[in-house]
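Structure, as structure tokens:
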Amino acid sequence: MREQDRRAVEGMARCGIDLEGLVSAFAQFPKEEIESVYYDIHKDELKGDTIVISRNCS
């Protein structure tokens, strides 16, 4: 995955799309790479240690 592609996945992950949505939107990339980006973005939220702040990317 190129850096530009990774940034596109990161942007969508930050806007609230879930993991399955990312995988289907970026079907041309291996699922493992999409999962890695998703978990990097949401690692604090998934641990439950921080306050989750929703953002609207529209």
Return all side-chain donor-acceptor pairs below 3.5 angstrom for residues 17-35, not counting sequence neighbours, or 'none' if the list is empty.
{"from": "Asp18", "atom 1": "OD1", "to": "Gly21", "atom 2": "N", "distance (Å)": "2.9"}
{"from": "Ser24", "atom 1": "OG", "to": "Glu20", "atom 2": "O", "distance (Å)": "3.2"}
{"from": "Ser24", "atom 1": "OG", "to": "Gly21", "atom 2": "O", "distance (Å)": "3.0"}
{"from": "Glu33", "atom 1": "OE1", "to": "Met1", "atom 2": "N", "distance (Å)": "3.3"}

Which residues share a side-chain contact (heavy atoms from CB on, under 4.5 Å) with Glu3, sequence neighbours left out
Arg6, Arg7
Would you confirm whether His42, through its side chain, and Val37, through its main-chain N or O, come within 3.5 Å as a donor-acceptor pair?
no
